[in-house]
Each structure stands twice: as C-alpha cells, then as structure tokens.
Visitor: 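Structure provided below as structure tokens; questions to follow.
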Amino acid sequence: MSNRPVLALVGATGAVGSVMIDIINARETVPWGEIRLIASARSAGRKLTVRGEEITVRALAPEVFDGVDIAMFDVPDEISAEWAPIAAERGAVAVDNSGAFRMDDDVPLVVPEVNAHKVAERPRGIIANPNCTTLSMMAALGALHREFGLKELVVASYQAVSGAGAPGIDRLYAELEAVAGQKLGVKAGDVREALAAAGLGFEDSPFPAPLALNVVPWAGSYKGDGWTSEELKVRNESRKILGIPDLKVSATCVRVPVITTHSLAVHAVFEREVTVEQAHKVFAAQPTVVLVDEPEQKKFPTPADVVGEDPTYVGRVRQALDFPNTLDFFVCGDNLRKGAALNTYEIAETLAPEFG
C-alpha cells in the first residue's frame, strides 16, 4: 500500500479537467499514490488515460472522497458550493477552481508563486483558485510587490472568448464564418447586418455585441454603478492574494476576438522608485515568468505566441512618463492553463508534502 497522497479530480471530463489531465501527464514526476477521476453520473464509466494508466471515471458521490487527501474541483460554482464541503467533511483538502469560495474569509485564495504559505490556513478545509483574469498578471505583480511595494493598480484586460466557455468559442467561430470573405464597409451596422443575414442574433449570444471585427468592453454580469463582475473580481482578488486590503484598483474588462489567452495592460504604482532595468531583473528571476521585451525589434508577447504555454509572458515594460514610481507593462497568460487548471494543480502540489 503506497503512503503517497491520493488525488481526486472532480470534473475530469470537462474542458478544464481535460487540460488538468494533460498537465499531470506532462509532469516528469508526480507525488500521487493514486489518482481518482470523478464526474457527473452521465460521464461515469468512461475510461481516461493518466500517466499511462487507464482510469475509470466515477460518479460524483460522498463515498468517492473516502481516503482522498486532496480533491481538485473543476466544475461550475453551484457544484463546488455543494460538494467541496462534502469532500472536506470526508477528510480531503478541497482545491476549488470555481468562484464559490474565493472571497470567503475562511478560505485562502492562493497563487503559489505569491502566497503559498496560505495553504496552511484553511479552517474550512477548502482552498480557492483565483479568477483567470486576475491570475494572468499575479505572478508578475507579486514579484514586483515583494521588491517595490505595490500601492495602486489600473488594469485593462483583453479577454479571450474561452473565458465564456464553449458557447463563447462556438459563437466567435460562427461570427467569423459569417463575415469571412465579405468586404464589409465602414458603415455602422455592417457587421451586425452580416451576422443577422447568417441568422446570428444576440438573444442567445454570450456577448452583448459582435466579437468578429470588434471588441466588446464588457465581461461578466452587471454589478451596479457601471461595474461588471469580472472587473470587481480583479479588484477584490488582487487585494486578497497580495495581502493588501486597501490596495487601490480600477479595472476595465474587454472581450476580444481571441480563442484562448487573456492579455492585460497593467499600470502599477509602487511605494519605492523602480526602473525598467530593475523590473527586467525581477521578471527574469521568476521561474514562471517569461520576459519578452525588445521594443527596438518589436518583440513582445501576444496571445498567439502564448496559447498552450504554462508561464506568464511579460513585455512592453515602461516607466510611466508623467507618474513617479510607476511601471506600465503588458501581460499574456493562457486562461485555461495557468488561469485555471495549472494553478489549481500547483496548489495541490504545494499541499502534497503534508500527506507524503
């Protein structure tokens, strides 16, 4: 009988769960003595290959958590809200990728590069994974904060449609097909008319405006006073992860016609003086940050270069001309990997020595 920890993956057959399995398969070594795959009853019985072993998917039920040390949840909020506490009651540490527990005072919100020590502070037996938009910049920001002390943050996000799930991806492809090959003019409504001609209305669209040949300054649901849920998540989660409860944050979240990988333009104000050269050294020293910043050669990260990659990519690093102690930079991160599956798995890896 192995004394290595038992890992469970809830939502193993979903989009993020599939990425999680890819990540586990790509690791040179893993600390797990057993890996259990769990999903809804309709997916139970499927067989998936993990680390060369064919594993049968089990239906979600309380008893599947018996003997489990760490349970990763890659499921919708309402499923996590019900089942993560059940896993914890059965003795597992639940690592949840949904939004169900992120702002719960008794649940740590963890990015291992920034606040790994928080995994030990889990009175409910649950650890939360941040929103993918916040996560895309957190490794870079956390490193800068340790050196220079972050005070203020202004962010514009450029979010891929996969952040809205499969319906978002399907909608963008449908819109691109509808406008492909057409020489649309500059008249207002041209794109909408082309979509309407293809039978693409907006009653069932995940987006309130066309994504093809367009950008939409809206992501998430409306939360009052002009703010969306995605924008408030950036504010509230950044404060909690970095441990700066009074951090001044303003975010504008924009949906763009990109399938996968979120990008953010970051304007960060620090307590101490910071130069581009110093920032480059900080970024270069981080094992999960890749610096691509050669403005003379027009080299910088873009979503097309970063999709499928684990690290955060940073470029366009500048000192703000009219603002002291301030840096502007551009960040790209795959929202399905580091923004979801990878960070959840890295939290589980951080916990593993407790059970070895």
Side-chain angles (χ1 to χ4, degrees), residues 7 9 11-12 14-32 35 48-51 70 72-74 95-98 109-116 119 127-144 146 157-163 169 237-238 241 258-264 266 280 282-293 299-317 329-353:
L7 178 72
L9 171 55
V16 178
S18 298
V19 174
M20 185 76 74
I21 291 173
D22 290 343
I23 289 169
I24 294 172
N25 285 337
R27 286 295 204 252
E28 289 188 11
T29 61
V30 297
W32 319 115
I35 296 175
L48 301 175
T49 302
V50 184
R51 308 291 298 180
I70 302 164
M72 303 185 300
F73 283 78
D74 290 312
V95 183
D96 181 43
N97 187 40
S98 83
L109 187 63
V110 174
V111 179
E113 300 99 316
V114 180
N115 62 344
V119 300
I127 299 170
N129 189 66
N131 174 265
C132 54
T133 310
T134 309
L135 257 174
S136 295
M137 64 178 175
M138 202 45 59
L141 269 181
L144 291 173
R146 287 192 294 271
S157 71
Y158 307 93
Q159 297 181 213
V161 296
S162 55
I169 297 172
E237 294 179 14
S238 295
I241 296 164
V258 169
I259 300 299
T260 303
T261 295
H262 289 348
S263 304
L264 298 96
V266 179
H280 276 188
V282 169
F283 291 142
Q286 307 310 308
T288 61
V289 173
V290 175
L291 180 65
V292 182
D293 194 25
K299 291 185 178 180
F300 39 75
T302 73
D305 303 314
V306 174
V307 63
E309 298 290 320
D310 287 346
T312 298
Y313 282 67
V314 180
R316 297 298 318 282
V317 184
F329 55 93
F330 192 72
V331 182
C332 291
D334 187 317
N335 54 298
L336 297 182
R337 291 187 73 83
K338 181 57 176 177
L342 179 61
N343 197 74
T344 304
Y345 185 72
E346 288 173 337
I347 294 171
E349 285 183 320
T350 302
L351 287 166

Visitor: Is any side-chain heavy atom of Val290 less than 4.5 Å from a side-chain heavy atom of Thr312?
Guide: no
Visitor: Has Asp334 got a side-chain atom pairing as donor or acceptor with Gly308's backbone, closer than 3.5 angstrom?
Guide: yes
Visitor: What are the two closest heavy atoms between Asn131 and Glu237, and how far apart are they?
Guide: N-OE1, 2.8 Å
Visitor: What pair of heavy atoms forms the shortest contact from Pro303 to Ser263, and how long is it?
Guide: CG-OG, 3.3 Å
Visitor: Do Leu291 and His280 make a side-chain contact, defined as non-hydrogen atoms from C-beta onward lying under 4.5 Å apart?
Guide: yes
Visitor: What closest approach, in Å, do Leu135 and Pro130 show between heavy atoms, and which atom pair accounts for it?
Guide: CD1-O, 3.7 Å
Visitor: Please examine the side chains of Ile127 and Asp96, heavy atoms only from C-beta on, and report whether any two atoms are closer than 4.5 Å.
Guide: no
Visitor: So, do Pro311 and Val289 sit near enough that their side-chain heavy atoms are less than 4.5 Å apart?
Guide: no
Visitor: Go through the steps for Leu7 and Val30 under the test side chain to side chain contact (heavy atoms under 4.5 Å, CB included), then give the verdict.
Guide: CA-CA 11 Å; Leu7 178 72; Val30 297; over 6 Å; no
Visitor: Decide yes or no on side chain to side chain contact (heavy atoms under 4.5 Å, CB included) for Ser162 and Asn335, but give the supporting numbers first.
Guide: CA-CA 8 Å; Ser162 55; Asn335 54 298; 2.9 Å; yes
Visitor: With a 4.0 Å cut-off on N to O distance, would you call Lys338 and Glu309 a salt bridge?
Guide: no
Visitor: Check whether any side-chain heavy atom of Val161 sits under 4.5 Å from a side-chain heavy atom of Val258, and report yes or no.
Guide: no
Visitor: Determine whether a donor-acceptor pair (N or O, by modelled atom type, separation under 3.5 Å) exists between the side chain of Asn343 and the backbone of Val111.
Guide: no
Visitor: Is any NZ, NE, NH1 or NH2 atom of the basic residue among Glu113 and Arg146 found under 4.0 Å from an Asp or Glu carboxylate oxygen of the other?
Guide: no
Visitor: To the nearest 0.5 Å, what is the distance between CD1 on Ile70 and OG1 on Thr344?
Guide: 12.5 Å
Visitor: Keeping the roles fixed (side chain from Arg316, backbone from Asp293), state whether a donor-acceptor pair exists under 3.5 Å.
Guide: no
Visitor: Taking C-beta and beyond as the side chain, do Ile21 and Leu48 meet within less than 4.5 Å on heavy atoms?
Guide: yes
Visitor: Rounded to the nearest 0.5 Å, how far does NE2 of His262 lie from OG1 of Thr133?
Guide: 4.0 Å
Visitor: For the residue pair Phe330 and Tyr313, is the inter-centroid distance of their aromatic rings smaller than 6.0 Å?
Guide: no
Visitor: Give the intermediate values and the outcome of side chain to side chain donor-acceptor pair (under 3.5 Å) for residues Gln286 and Thr288.
Guide: CA-CA 6 Å; Gln286 307 310 308; Thr288 61; over 6 Å; no
Visitor: Any side-chain heavy atom of Arg27 within less than 4.5 Å of one from Tyr345?
Guide: yes
Visitor: Quick one: pull up CE in Met137 and CZ in Phe329 and give me the separation to the nearest 0.5 Å.
Guide: 8.5 Å
Visitor: What closest approach, in Å, do Thr350 and Val119 show between heavy atoms, and which atom pair accounts for it?
Guide: CG2-CG2, 4.1 Å
Visitor: Nearest 0.5 Å, what's the CG-OG1 distance between Asn25 and Thr49?
Guide: 8.0 Å
Visitor: If you take all heavy atoms of Val110 and Asn115, which pair is closest and at what distance?
Guide: CA-OD1, 3.4 Å
Visitor: Which residue, Asp22, Thr260, Thr261, Asp310, forms the side-chain hydrogen bond (donor to acceptor under 3.5 Å, both in side chains) with Arg337?
Guide: Asp310
Visitor: If you measure from CG on Asn97 to CE on Met72, what distance do you get to the nearest 0.5 Å?
Guide: 10.0 Å
Visitor: Between atom CG of Leu9 and atom CG of Asp74, what is the distance when rounded to the nearest 0.5 Å?
Guide: 5.5 Å
Visitor: Looking at every heavy atom in both Thr134 and Ser238, which two are closest together, and how far apart are they?
Guide: CG2-OG, 3.8 Å
Visitor: Apply side chain to side chain contact (heavy atoms under 4.5 Å, CB included) to the pair Val292 and Val314, showing each step before the final yes or no.
Guide: CA-CA 6 Å; Val292 182; Val314 180; over 6 Å; no
